[in-house]
Amino acid sequence: MVITVTLNPALDKIILLKRLEKNKNNQIMETVYDIGGKATHISVVLSALYVENIATGIFAGKNGLRVQSLLEDKGVYCDFIWQGEGETRESLIIVPQEEGGSYMITQRGFSITRDTFKKMKSKLLDLIKEGDMVVFAGGPPPGISIEEYKELLQLVEKRKGKLILDIRGPYLEAGLQLMPYLIKPNEYEFQEITGMDTSKEKQCMLGIERLLKQGIKIVALSLGKRGSLIGTQEGFLRIIPPEVQEVNDTGCGDVFLGGALAMLAQHKNIEETFRFATAMGASKATHRESSKFSLNQTQRFLEQVKIEFL
C-alpha cells in the first residue's frame with residue numbers, strides 16, 4: 001500500500017494565454033481547473049496504474065470539495081481530515097503557449113487548528129501499516145511547526161513504514177534525521193542540504209553519497225530538463241529524458257515520483273523504475289493540466305529515455 005499525504009492541497013486554476021507580456025492586456029484563451037498539491041498527483045498516477053493507494057491530508061471549504069471530487073473522478077480513494085473553518089487554497093498557473101513552461105502563483109493556505117493536527121496524527125496511525133510506503137510531498141500549511149511536522153513523519157517510523165519525502169528547507173532537514181527510504185530533491189533543495197554545486201556532476205555524486213551514508217536508500221536528484229541523477233547503495237544512474245514539446249511543466253516532478261513509486265511497489269529494479277518514471281514525467285510536460293499524462297504516450301517515450309551507469 002502507498003499512502004500519500006498532502007497537508008496543504010490546492011485547487012489549481014490554469015490560465016492559458018498566447019503569450020505573457022508586461023504592461024499589456026494579456027487575453028485569456030481558456031481557463032481550466034485541476035488538482036493541486038504535489039502528493040495528490042502521486043495518487044492520481046498510482047490509481048491510473050492500479051497500484052493500491054490512499055490519499056490523505058487536510059481539506060476545508062468549497063475548494064476542498066472540488067479537489068476531492070476531481071480526485072475521485074480519477075479513481076483516487078480519499079480519506080482526508082476536514083476542518084470546519086478555512087478554505088483550501090487556490091494556485092494560479094499561467095501557461096503562455098508560445099513560451100512553453102508555466103508561471104505559478106500560490107497562496108499560503110488556511111491555518112490548521114490544534115484539533116485538526118491531532119486528528120491528522122490519529123488518521124496516520126490508523127492508516128499506516130508495516131511496510132507501507134508513505135509519501136509526504138509539499139510543505140505544511142500555516143499552524144504546523146517544524147517540530148510538529150517531524151512528529152507526523154515519526155509516525156511512519158513508529159508503524160515501520162517506508163518514508164518518502166518530496167519537501168524542502170527545514171522540513172526536509174528535519175526529515176533527513178529519520179533516514180527516509182527515498183528523497184527527491186530538486187537542484188535548489190539539494191544545494192540547501194548538501195552545499196554542492198549541481199552544475200558539476202562529481203559534486204552531485206559526492207553529495208548523494210553523503211546522503212546515502214546517512215541511511216537513505218534512494219536519492220533521486222531532479223535536474224529539470226537535464227533529467228535526473230539517481231543514487232543507491234549499488235551505484236549511480238544518469239537519466240536523460242526524451243525531448244518533448246513542453247506545454248505545462250507544473251506537476252512533472254510529482255508524476256515522475258508517482259511513476260517511480262508505482263514501479264517500486266511492483267518490485268521493479270532501479271533502472272526500470274526510473275526509466276518509466278522519466279517517460280511518465282515527460283508525458284506530463286506535454287499536457288496543459290497539472291495532473292494529466294498519457295499512459296500510451298509514456299510507453300512510446302520509454303525507448304527514448306537514455307540511461308548511463310556511472
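Just so it is clear, the structure is predicted and the values come from calculations on it, not from any experiment. Numbers here are sequence positions counted from 1.
A donor-acceptor pair under 3.5 Å is absent between the side-chain atoms of D254 and the main chain of T40, judged by distance alone. Of the possible donor and acceptor atoms, none in the side chain of E157 sits under 3.5 Å from a partner among the backbone N and O of L153. Not a single donor-acceptor pair under 3.5 Å links the side chain of R288 to the backbone N or O of N248. With hydrogens and angles disregarded, no donor-acceptor distance shorter than 3.5 Å links the side chain of E246 to the backbone of A285. Of the possible polar contacts, one joining the S122 side chain to the K118 backbone as a donor-acceptor pair under 3.5 Å is found. For K284 (side chain) and T250 (main-chain N/O), a donor-acceptor pair under 3.5 Å exists by modelled atom type. In this structure a side-chain-to-backbone donor-acceptor pair under 3.5 Å is missing from Q83 to A60. Remark: the backbone N or O of L16 is not paired with any side-chain donor or acceptor of Q97 at under 3.5 angstrom. Side-chain N or O atoms of R275 include none that pairs as donor or acceptor with a backbone N or O of E303 at under 3.5 Å. Here the side chain of Q304 pairs no donor or acceptor atom with the backbone of E243 at under 3.5 angstrom.
Inspection of the E85 and T113 side chains reveals no N or O donor paired with an N or O acceptor under 3.5 Å. Using modelled atom types and a 3.5 Å distance limit, the side chains of N296 and S294 yield no donor-acceptor pair.
With rounding to the nearest 0.5 angstrom, the CD1 atom of I112 is 5.5 Å from the CD1 atom of I144. To the nearest 0.5 angstrom, L302 atom CG is 11.5 Å from Q297 atom CD. Residue I14 holds its CD1 atom at 10.0 Å from OG of S91, rounded to the nearest 0.5 Å. Once rounded to the nearest 0.5 Å, the distance linking NZ of K74 with NE2 of H41 reads 9.0 Å. Residue I208 holds its CD1 atom at 7.5 Å from CD1 of I230, rounded to the nearest 0.5 Å. Here E189 contributes atom CD and T194 contributes atom OG1; the two are 11.5 Å apart, rounded to the nearest 0.5 Å.
Nearest heavy atom pair, residue P242 against residue V305, reads CD-CG2, 3.9 Å. Of all non-hydrogen atoms in A55 and F80, the two that sit nearest each other are O-CE1, 3.3 Å. Across all non-hydrogen atoms, the minimal contact from G259 to A277 is C-CB, 4.2 Å. Contact detail for E187 and G224: the closest heavy-atom pair is OE2-N, 4.4 Å. When all heavy atoms of T298 and S283 are compared, the pair lying nearest together is OG1-CB, 3.7 Å. For M120 against T56, the heavy-atom pair with the smallest separation is CE-OG1, 3.6 Å.
Using a 4.5 Å heavy-atom threshold, the side chains of R210 and M196 count as touching. Looking at heavy atoms from C-beta onward, V76 lies out of side-chain contact with I35 at the 4.5 angstrom threshold. Using a 4.5 Å heavy-atom cutoff, the side chains of L152 and L7 are in contact. Side-chain atoms of E201 and L310, non-hydrogen and from C-beta on, do get closer than 4.5 Å to each other. Considering only heavy atoms from C-beta on, F276 comes within 4.5 Å of Q299 through its side chain. Counting only heavy atoms from C-beta outward, the side chains of V45 and L261 never approach each other to under 4.5 Å.
Residue L125 is not grouped with residue V135 when hydrophobic side chains (ILVMFWY) are merged at heavy-atom distances under 4.5 angstrom, including chains of intermediate members. In this structure, L221 is not a member of the same hydrophobic cluster as M263, with clusters built from ILVMFWY side-chain heavy atoms closer than 4.5 Å.
Taking the charged nitrogens against the carboxylate oxygens, D79 and K123 do have a contact shorter than 4.0 Å, which makes a salt bridge.
By the neighbour-count criterion of 12 heavy atoms within 6.0 Å, atom CD of Q27 is sparsely surrounded, having that number or fewer from other residues, nucleotides or ligands. By the 6.0 Å contact criterion, CZ on R114 is enclosed, its count of non-hydrogen atoms from other residues, nucleotides or ligands being greater than 12. Counted within 6.0 Å of NZ on K119, heavy atoms from surrounding residues, nucleotides or ligands total 12 or fewer; the atom is thus considered open. Environment of CD in E98: crowded, with over 12 heavy atoms of neighbouring residues, nucleotides or ligands closer than 6.0 Å.
Other residues sharing a hydrophobic cluster with I94 under the 4.5 Å side-chain heavy-atom criterion for ILVMFWY residues are I15, L17, L20, I28, L92, Y103, I105. Grouped with I240 in a hydrophobic cluster is no other residue, since no side-chain heavy-atom contact under 4.5 Å to another Ile, Leu, Val, Met, Phe, Trp or Tyr is found.
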Pairs of donor and acceptor atoms involving the side chains of residues 165-185, under 3.5 Å and at least two apart or interchain, shall be tabulated with distances.
unit_1: D166; atom_1: OD2; unit_2: K38; atom_2: NZ; d: 3.4
unit_1: Q177; atom_1: OE1; unit_2: K150; atom_2: NZ; d: 2.4

In a table with atom names and distances, give each donor-acceptor pair under 3.5 Å that connects a side chain of residues 46-54 to protein atoms at least two apart or in another chain.
unit_1: S47; atom_1: OG; unit_2: S43; atom_2: O; d: 3.0
unit_1: S47; atom_1: OG; unit_2: N53; atom_2: ND2; d: 3.1
unit_1: S47; atom_1: OG; unit_2: G75; atom_2: O; d: 3.4
unit_1: N53; atom_1: OD1; unit_2: S43; atom_2: OG; d: 2.8
unit_1: N53; atom_1: ND2; unit_2: V51; atom_2: O; d: 3.0

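Residues satisfying the salt bridge (charged side-chain N to carboxylate O under 4.0 Å, His left out) test with K18, not counting sequence neighbours, are none. Checked against ring-ring contact (aromatic ring centres under 6.0 Å, His included), F301 has no partners two or more places apart in sequence or in another chain.
Ring planes of W82 and F59: tilted class, angle from 30 to 60°.
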